[in-house]
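Shown next, in structure tokens, is the structure this report addresses.
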2 protein chains.
Amino acid sequence: MEARIEKIKQQLQAQGYKLTPQREATVRVLLENEEDHLSAEDVYMLVKDKAPEIGLATVYRTLELLNELHVVEKMNFGDGVARYDLRNNDKNHHHHHLICVQCGAVDEIMEDWLGPLEERLAKEYNFKVIDHRLDFQGICHRCNEKQ
Amino acid sequence: MEARIEKIKQQLQAQGYKLTPQREATVRVLLENEEDHLSAEDVYMLVKDKAPEIGLATVYRTLELLNELHVVEKMNFGDGVARYDLRNNDKNHHHHHLICVQCGAVDEIMEDWLGPLEERLAKEYNFKVIDHRLDFQGICHRCNEKQ
DNA sequence: CACTATAATGATACTAGGACTGATAGGATT
DNA sequence: AATCCTATCAGTCCTAGTATCATTATAGTG
């Protein structure tokens, strides 16, 4: 945890930025909720608990900055809000999404399911894959269990 | 009743849509006439009682939207009128996209490639798939052959 | 330590884009 | 032609995100 913050601090400083208390609080929230895909508003709420005096604009600015430094990834799921994800440096972007149409939760799957498909695409369709995106819409396990 | 409306509201919001008064009135009519197969015109007449200022186009748009979200099923009995049915269980529709980053073409693939994956999702993640979206970015066969 | 330049912040007004609407003209289908 | 449906238009509303600006914190320098 501390090590990862230290690393991010160095990434910032390498570009001439500072890890201010507000930025550190924001980064901590992201680290503590690494599994989720938080929106800026979500992050704002969570950071407020740690540092109540922080402003919304600062959170937006921090997330934007972290995105530029490739510390987080800014993603769009079509519900009108940007969501932010810490990036793992092992950068296997074989992550797919399970989007719950009932509660709006977004879960991630890290398995690589599309390798065989990409081979077929190359052979049968003469299509050279550069990137892909796989999202499932449905009912998540939490909502399933509720009923 | 209220619970079902709430559920539909969440489904809408998960995709960035809103449950407006007009839409809610329409949904209520559908719920109250769940046994029947109402046509759009039928729905329009019934909604008019609740919300006289509603426009016909809005009813059509609402039904179309609910159809896309798999809240309602649009059926055709060959009498030239589409009829709408609330539904709980859904069939999947399979279409994937090959998006060429060079010429911008978008090809569609109708094969069902994700059936096995969806089974695994149900078993291992307890996630009930309603719909999915699989897009590949790459170089299409036309561009490949050109070079 | 004091001084300074500037990076960063908080509050808030603002913007831009998209969702949504009713009316109606026109397209599609039978 | 008649009926069902869709496209378009002009306008409203909402809100995620940005720009502004006065103020404060910070790092570097001497």
Side-chain angles (χ1 to χ4, degrees), chain A residues 8-29 37-69 71-84 104 106, chain B residues 8-27 29 37-69 71-85:
Chain A
I8 291 169
K9 183 177 178 182
Q10 287 172 355
Q11 280 180 264
L12 283 167
Q13 290 179 341
Q15 308 288 321
Y17 300 108
K18 300 161 193 169
L19 185 64
T20 63
Q22 291 91 336
R23 284 179 185 164
E24 184 173 333
T26 306
V27 169
R28 282 186 190 278
V29 163
H37 300 74
L38 300 176
S39 70
E41 215 79 23
D42 294 336
V43 175
Y44 178 55
M45 292 307 177
L46 291 167
V47 174
K48 273 239 148 182
D49 296 340
K50 290 180 191 294
E53 78 289 356
I54 201 170
L56 175 61
T58 299
V59 171
Y60 272 103
R61 280 184 295 231
T62 300
L63 291 172
E64 198 51 42
L65 178 62
L66 293 176
N67 181 51
E68 274 165 30
L69 296 183
V71 172
V72 303
E73 188 173 3
K74 189 177 183 177
M75 340 185 64
N76 190 354
F77 290 119
D79 61 351
V81 291
R83 294 169 184 280
Y84 299 86
V106 179
Chain B
I8 291 169
K9 181 178 178 182
Q10 288 175 351
Q11 290 190 54
L12 283 167
Q13 290 179 342
Q15 309 290 318
Y17 300 110
K18 300 161 193 167
L19 184 66
T20 62
Q22 291 91 335
R23 284 179 186 165
E24 184 172 334
T26 306
V27 169
V29 164
H37 303 284
L38 299 177
S39 71
E41 216 76 26
D42 295 337
V43 175
Y44 179 55
M45 291 308 177
L46 290 167
V47 173
K48 273 240 151 183
D49 295 341
K50 289 181 192 292
E53 78 290 355
I54 201 173
L56 175 61
T58 299
V59 171
Y60 273 103
R61 280 184 293 232
T62 300
L63 291 172
E64 195 54 41
L65 179 61
L66 293 176
N67 181 53
E68 273 166 32
L69 295 184
V71 171
V72 131
E73 188 172 8
K74 187 178 184 177
M75 331 183 69
N76 197 342
F77 294 127
D79 59 352
V81 193
R83 293 172 184 281
Y84 298 86
D85 248 11

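Chain letters run A, B, ... following the sequence lines, proteins first and then strands; every chain starts at 1. Note that these values count all heavy atoms, side chains included, but never hydrogens, waters or copies made by symmetry.
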| query | Are A:Val27 and A:Val71 side-chain neighbours, meaning at least one heavy-atom pair lies under 4.5 Å? | reply | no
| message | Quick check against the 3.5 Å criterion: does A:Asp42 have a side-chain atom that pairs as donor or acceptor with the backbone of A:Ser39? | response | yes
| Donor-acceptor contact present, side-chain A:Arg23 to main-chain A:Lys18, <3.5 Å | yes
| task | Report the distance from atom CD of A:Glu41 to atom P of D:dG17, rounded to the nearest whole Å. | result | 8 Å
| remark: Students should find that the nucleotides of DNA chain C closing off the region near chain A, any atom under 4.0 angstrom from a heavy atom, are C:dA7 to C:dT12
| Closest contact, heavy atoms only, A:Asn76 versus A:Val81 | OD1-O, 4.2 Å
| message | Out of the candidates A:Leu65, A:Thr58, A:Val47, only one should pair with A:Thr26 under the side-chain contact (heavy atoms from CB on, under 4.5 Å) rule; please name it. | response | A:Val47
| task | Let me know the distance between CZ of B:Arg23 and C1' of D:dC13, rounded to the nearest Å. | result | 13 Å
| request: Can you establish whether the number of heavy atoms outside B:Tyr17 located under 6.0 Å from its atom OH is more than 12? | output: no
| request: Mind listing the residues from residues 53-66 of chain A sitting with a heavy atom below 4.0 Å of DNA chain D? Number order is fine. | output: A:Ala57, A:Tyr60, A:Arg61
| remark: Rounded to whole Å, the CE-C1' distance (B:Met45 to D:dT3) equals 13 Å
| said: Just to be sure I understand the rule, does B:Lys74 reach a base, reach only the sugar-phosphate, or reach nothing, if contact means heavy atoms closer than 4.0 Å? | reply: sugar-phosphate
| task | Tell me what B:Gln22 touches on the nucleic acid: a base, only sugar-phosphate, or nothing, going by heavy atoms under 4.0 Å. | result | sugar-phosphate
| Do other residues, nucleotides or ligands put more than 12 heavy atoms under 6.0 Å from the NZ atom of B:Lys9? | no
| Nearest heavy-atom neighbours spanning A:Lys74 and A:Ala82 | CE-CB, 3.9 Å
| At their closest point, which heavy atom of A:Ile54 faces which heavy atom of A:Tyr44, and how far apart are they? | O-CE1, 3.8 Å
| query | B:Asp42 CG to D:dT3 C1': how many Å, rounded? | reply | 14 Å
| said: Using heavy-atom distances to pick each residue's nearest nucleotide on DNA chain D, tell me which of A:Tyr84 and B:Ala82 is more 5'. | reply: B:Ala82
| query | Over how many whole Å does the gap from A:Lys18 atom NZ to D:dT24 atom P extend? | reply | 16 Å
